[in-house]
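See structure below.
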Protein chains: 2
Amino acid sequence: MSTKNKILDAADVLFADKGFNGTSLREITSQANVNLAAVNYHFGSKKELIKAVMSRYMDELSPQLESALALICQAERKPSLQEVFYAFIEPLLKLNEFKENGTSTFLQLLGRGYTDSQGFLRWFLTTQYPDVFTNFTKAVKKAYPELSTEEMFWRLHFTMGTIVFTMSSSEALIDIAQNDFNNQLDIAGVIERVIPYVAAGVAAPITHYN
Amino acid sequence: MSTKNKILDAADVLFADKGFNGTSLREITSQANVNLAAVNYHFGSKKELIKAVMSRYMDELSPQLESALALICQAERKPSLQEVFYAFIEPLLKLNEFKENGTSTFLQLLGRGYTDSQGFLRWFLTTQYPDVFTNFTKAVKKAYPELSTEEMFWRLHFTMGTIVFTMSSSEALIDIAQNDFNNQLDIAGVIERVIPYVAAGVAAPITHYN
DNA sequence: CGCTATTTTAAACGGGTGTTTAAACTGGCT
DNA sequence: AGCCAGTTTAAACACCCGTTTAAAATAGCG
């Protein structure tokens, strides 16, 4: 395997686990059995490495996501919110074929991107992959047209938060569930439980504020 | 004002803003106009300072939270989920009297605690303030008794995630809402919008898994 | 083979980190 | 006044960070 890919493979696991700030290049390169300077040689800087790690996932995910959402947008029938969210799930779970534990790793990385590094990664994603956001918004609007654009903006970010945060601590939560309820879940199991939650949240009745 | 409090005041703003790992003791002490060594003199270590910052909020919050939830648990009438959540809101918003921007700062700190430092802070909170969690669980169980304990465990953690994550990025979200919708919100406004969402999420119909 | 371009390597660079030290200062006490 | 516990201070400590350098190794090609 190429040095570049060895670095990427080691980096995304460590980044997901300990955050971008919390992971040093020396940890990454020693995990990857690669010289320290290789990161700067192949990627230029740590910041560029972070972008490369995210891009590898987004480039895999974003076309599938767009086509799945396009299918919903072009259909005549009005979709349910659950359908819209499940359009997300399938491409997300396919990341497990792309890379071992790809789904949870990617979602954890997404969570890190929101809180670490003061949002430069959110900027990177929204500018590099804007279609994902607009298509998702369109699909939700079709499923729940009464919802104002602003209210939808908030509820989608709440949803983003729920998913991303859940995945960031999914390992700990799965451990607790195993101990307390003797119920062994995997990532797909957690997703199964979070979908009804977020769907109901987005579908919540409209309240009027003063 | 005492050196100890100057440090705490500077620390919690910086910690909330840039995370625990992302904030250096030198930033804190220069912001507080205090000598660098004062942190280790008064608190022992950075880790202990983090605990002290969180304890200051939790000691203020936890008694009020417990009595508000106890009121619900002891009442004869079955409460609604919205009521249970609003029992949280009032004590949380009172943190603004305790300290300027206390509510959002505390919630941001809570979010940092989940993702930074690999969950040592979650351990600290759940072991130091266990009553908050058990009382909350009791109140929800009273409002929605059909929900199994395990399902409730998951939905409460989803809720935790939604709140905490939303608050971590609340400044950025409020900025976007201002630009895109000409709607200037504060923290209370964001909370007003998130409550119906999480209440509907927790109240989602029960699904059966294979 | 021999030359060139690419890649890998060890070492060092400058700077930031949390923590510790020991000396200086402070205010209250007899 | 002298003393002393409590506090503040400047300086240094050892260590880790991301990045750069220049030499060594490797691979590709005429």
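Worth knowing before you read on, the calculation uses all heavy atoms, side chains too, and leaves out hydrogens, waters and symmetry mates.
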Just the rounded figure in Å: distance from [atom2] of [N] to [atom1] of [X].
X     : N      : atom1 : atom2 : result
B:E48 : C:dT20 : CD    : P     : 12 Å
A:K46 : D:dT19 : NZ    : P     : 8 Å
B:L36 : C:dG18 : CG    : P     : 8 Å
A:N5  : C:dT7  : CG    : C1'   : 15 Å
A:K4  : C:dT7  : NZ    : C1'   : 13 Å
B:N21 : C:dG16 : CG    : P     : 18 Å

Quick check: on DNA chain D, is the nucleotide nearest A:L25 upstream (toward 5') of the one nearest B:T3, or the reverse? Name the residue that is more 5'.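 Looking at the nearest nucleotide for each, B:T3 comes out on the 5' side.
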
Is it the case that C:dG16 (base atoms only) and B:R26 (side chain only) share a donor and an acceptor within less than 3.5 Å, ignoring hydrogens and angles?
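It does not, because no donor-acceptor pair links the side chain of B:R26 to the base of C:dG16 below 3.5 Å.
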
Indicate the ring-plane relationship of B:F106 and B:Y57, choosing parallel, tilted or perpendicular according to the 30° and 60° boundaries.
->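 Answer is tilted, since the angle falls between 30° and 60°.
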
Donor-acceptor contact present, side-chain B:K138 to main-chain B:C73, <3.5 Å |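 Such a contact is absent between B:K138 side chain and B:C73 backbone.
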
Counting only heavy atoms not in A:K4, do more than 12 sit closer than 6.0 Å to its NZ atom?
->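 Not more than 12 within 6.0 Å, no.
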
> Is B:S2 touching bases, backbone alone, or none of the nucleic acid, heavy atoms closer than 4.0 Å?
Replying inline: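 B:S2: no heavy atom of the nucleic acid under 4.0 Å.
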
Quiz item: When we call it a touch if two heavy atoms are under 4.0 Å apart, what does B:T29 touch: a base, just sugar-phosphate, or nothing?
Solution: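 No contact at all - B:T29 keeps every heavy atom at 4.0 Å or more from the nucleic acid.
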
Just how far is it from atom CG of A:L93 to atom OH of A:Y86, taken to the nearest 0.5 Å?
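Interatomic distance, A:L93 CG to A:Y86 OH, rounded to 0.5 Å: 10.0 Å.
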
**Prompt:** Is the closest side-chain heavy-atom distance between A:L185 and A:Q178 below 4.5 Å?
**Reply:**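 A side-chain contact is absent here, since even the closest heavy-atom pair is not under 4.5 Å.
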
Distance below 4.0 Å between [X] side-chain N/O and [N] OP1 or OP2:
X     : N      : result
B:S45 : C:dG18 : no
B:H42 : D:dT8  : yes
A:N35 : C:dA10 : yes
A:S24 : D:dC17 : yes

